[in-house]
Amino acid sequence: MQVAVVTFDGFNELDSFIASALINRCRKDGLEAFITTPTPVVTSMNGVEVTGQRPMEFVTEADVVLIGSGVKTRDVVADDRLVSRLRFDPSRQLIGSQCSGALVLARLGLLDGMPACTDRTSRPFVEACDVTVLDAPFYAEGNIATVGGCLASQYLATWVITRTLGEEAARDVLDYVAPVGENQETVERALRAVHAGEVALR
């Protein structure tokens, strides 16, 4: 199972790297994430240059697609040529967004009739797309999930691992990366957020 972590120029490092790092702890179980970029090299909002592991076209074959956020997301959704490369299939793919990544899902029509999570800065722009924004870190309907807040990337990764490999796999990953002495608290908080978000407003 392959995960495309879509990473645009101006990206937020916390979004792309936390999600991919957590998911890649499941490589031995057949789940692997790849930083997926529209150009060979992208530069983060803080000037970190990253070479993409997969080209943007990889999103069509990936089993999971996660859209990271960044300071140029509004430019992304205004670029018809770039948007045309984002071909997703929610009937067979898990699709998630982080913070301003919700704008991409809205632009593609994947949030029609569905509320979403995003960060405070992106909220008015997501709402301008006629999407109801929740005061919550995680929300999912079927195969589509959104999270809000940089550190909510752990919830997006938890959702992906739980949906593909099961809750025990997610517990193992979270327990390993948790701050020492806060293992159980970290694991339970992430799973609680995901479980609550999957049944919210239903």
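Every side chain to side chain donor-acceptor pair (under 3.5 Å) that Ser69 has, sequence neighbours left out, goes to Asp15. Under the side-chain contact (heavy atoms from CB on, under 4.5 Å) criterion, Pro90 pairs with Ile95, Leu110, Ile144, sequence neighbours left out. Scored by the side chain to side chain donor-acceptor pair (under 3.5 Å) test, Asp112 finds no partners at all (sequence neighbours excluded). Residues forming a salt bridge (charged side-chain N to carboxylate O under 4.0 Å, His left out) with Asp80 (at least two apart in sequence, or on another chain): Arg107. The side chain to side chain donor-acceptor pair (under 3.5 Å) test applied to Gln53 returns no partner, not counting sequence neighbours. For Ile18, the side-chain contact (heavy atoms from CB on, under 4.5 Å) partners are Leu14, Leu22, Leu151, Ser153, not counting sequence neighbours. Applying the side-chain contact (heavy atoms from CB on, under 4.5 Å) rule to Asp130 yields no partners; only residues at least two apart in sequence or on another chain are considered. Applying the side-chain contact (heavy atoms from CB on, under 4.5 Å) criterion to Asp175, with sequence neighbours excluded, gives Asn183, Val187. Remark: Thr36 pairs with no residue by the side chain to side chain donor-acceptor pair (under 3.5 Å) rule, at least two apart or across chains.
Hydrophobic clustering of Ile, Leu, Val, Met, Phe, Trp and Tyr side chains at less than 4.5 Å, counting indirect connections, unites Val160 with Met1. In this structure, Phe125 is a member of the same hydrophobic cluster as Val83, with clusters built from ILVMFWY side-chain heavy atoms closer than 4.5 Å. A chain of hydrophobic side-chain contacts below 4.5 Å, direct or via other Ile, Leu, Val, Met, Phe, Trp or Tyr residues, connects Leu165 to Val173. The same ILVMFWY cluster, assembled from side-chain heavy atoms under 4.5 Å apart, contains both Leu108 and Val126. Using a 4.5 Å cut-off between side-chain heavy atoms of Ile, Leu, Val, Met, Phe, Trp and Tyr, with links allowed through other members, Leu174 and Leu156 fall into different hydrophobic clusters.
Remark: Thr158 OG1 to Ile23 CD1 distance equals 9.0 Å, nearest 0.5 Å. In this structure, OG in Ser122 is found 11.0 Å from CD in Glu127, a value given to the nearest 0.5 Å. Between Gln184 atom CD and Glu188 atom CD the span is 5.5 Å, to the nearest 0.5 Å. The OG1 atom of Thr37 sits 10.0 Å away from the CZ atom of Phe8 when rounded to the nearest 0.5 Å. The CG atom of Leu111 lies 5.0 Å from the CG atom of Leu105; values are rounded to the nearest 0.5 Å. Between the CG atom of Asp119 and the SG atom of Cys150 there is a distance of 7.0 Å, given to the nearest 0.5 Å.
Between the side chains of Ser97 and Thr146, no donor-acceptor pair of N or O atoms lies under 3.5 Å. Under the 3.5 Å distance criterion, with hydrogens and angles disregarded, a donor-acceptor pair is assigned to the side chains of Ser91 and Asp89.
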- Message: Thr164 vs Leu94, test: side chain to side chain contact (heavy atoms under 4.5 Å, CB included). Steps then yes/no.
- Response: CA-CA 9 Å; Thr164 55; Leu94 295 180; 3.9 Å; yes

- Message: Test side chain to side chain contact (heavy atoms under 4.5 Å, CB included) on Phe11 and Lys72; report intermediate values, then the result.
- Response: CA-CA 7 Å; Phe11 72 95; Lys72 297 183 179 180; over 6 Å; no

- Message: Could you walk me through whether Asp135 and Arg123 satisfy the salt bridge (charged side-chain N to carboxylate O under 4.0 Å, His left out) test, starting with their C-alpha distance in whole Å, then the side-chain angles of each, then the deciding distance to 0.1 Å, before giving a yes or no?
- Response: CA-CA 10 Å; Asp135 288 316; Arg123 180 170 187 150; 2.7 Å; yes

- Could you walk me through whether Val177 and Arg25 pass the side chain to side chain contact (heavy atoms under 4.5 Å, CB included) test, one step at a time? CA-CA 10 Å; Val177 302; Arg25 291 192 174 276; 3.5 Å; yes

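Val64 is listed as a side-chain neighbour of Leu66, based on a closest heavy-atom distance under 4.5 Å. Annotation: side chain of Met56 is not in contact with side chain of Arg87 (no heavy-atom distance under 4.5 Å). No side-chain heavy atom of Phe17 sits under 4.5 Å from any side-chain heavy atom of Val5. Using a 4.5 Å cut-off on side-chain heavy atoms (C-beta onward), Pro115 and Val131 make no contact. Proximity of Glu13 to Met45: side-chain heavy atoms (C-beta onward) are separated by under 4.5 Å at one or more points. Taking the side chain as every heavy atom from C-beta outward, Val147 and Gln154 never approach each other to under 4.5 Å. Within the 4.5 Å cutoff, the side chain of Ser44 has no heavy atoms near those of the Val50 side chain.
Across every non-hydrogen atom of Ala152 and Pro137, the tightest pair is CB-O, 3.9 Å. Smallest separation of non-hydrogen atoms from Cys99 and Thr118: O-OG1, 2.8 Å. Between Gly142 and Trp159, the shortest heavy-atom distance links the atoms O-CZ2, 4.0 Å. For Phe138 against Ala193, the heavy-atom pair with the smallest separation is CD2-O, 3.7 Å.
Applying the ring pair (Phe, Tyr, Trp, His ring centres under 6.0 Å) test to pairs two or more places apart or on separate chains, none has a residue in residues 169-194. Judged as a ring pair (Phe, Tyr, Trp, His ring centres under 6.0 Å), not a single pair has a partner in residues 64-114 (not counting sequence neighbours).
Residue Asn143 is tested with Gln93, Arg92, Arg163 for a side-chain hydrogen bond (donor to acceptor under 3.5 Å, both in side chains); the sole match is Arg163. Tested against Pro38 for a side-chain contact (heavy atoms from CB on, under 4.5 Å), the candidates Val6, Leu86, Thr7, Leu82 yield a single pass: Leu82.
In this structure, Asp79 does not pair ionically with Arg74, as no charged nitrogen and carboxylate oxygen lie closer than 4.0 Å.
Within a 6.0 Å sphere centred on CD of Glu57, other residues, nucleotides and ligands contribute more than 12 heavy atoms.
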Would you give me the side-chain donor-acceptor pairs under 3.5 Å for residues 27-35, sequence neighbours excluded?
| from | atom 1 | to | atom 2 | distance (Å) |
| --- | --- | --- | --- | --- |
| Arg27 | NE | Glu32 | OE2 | 3.1 |

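The ring of Tyr139 has its center no closer than 6.0 angstrom to the ring center of Tyr155.
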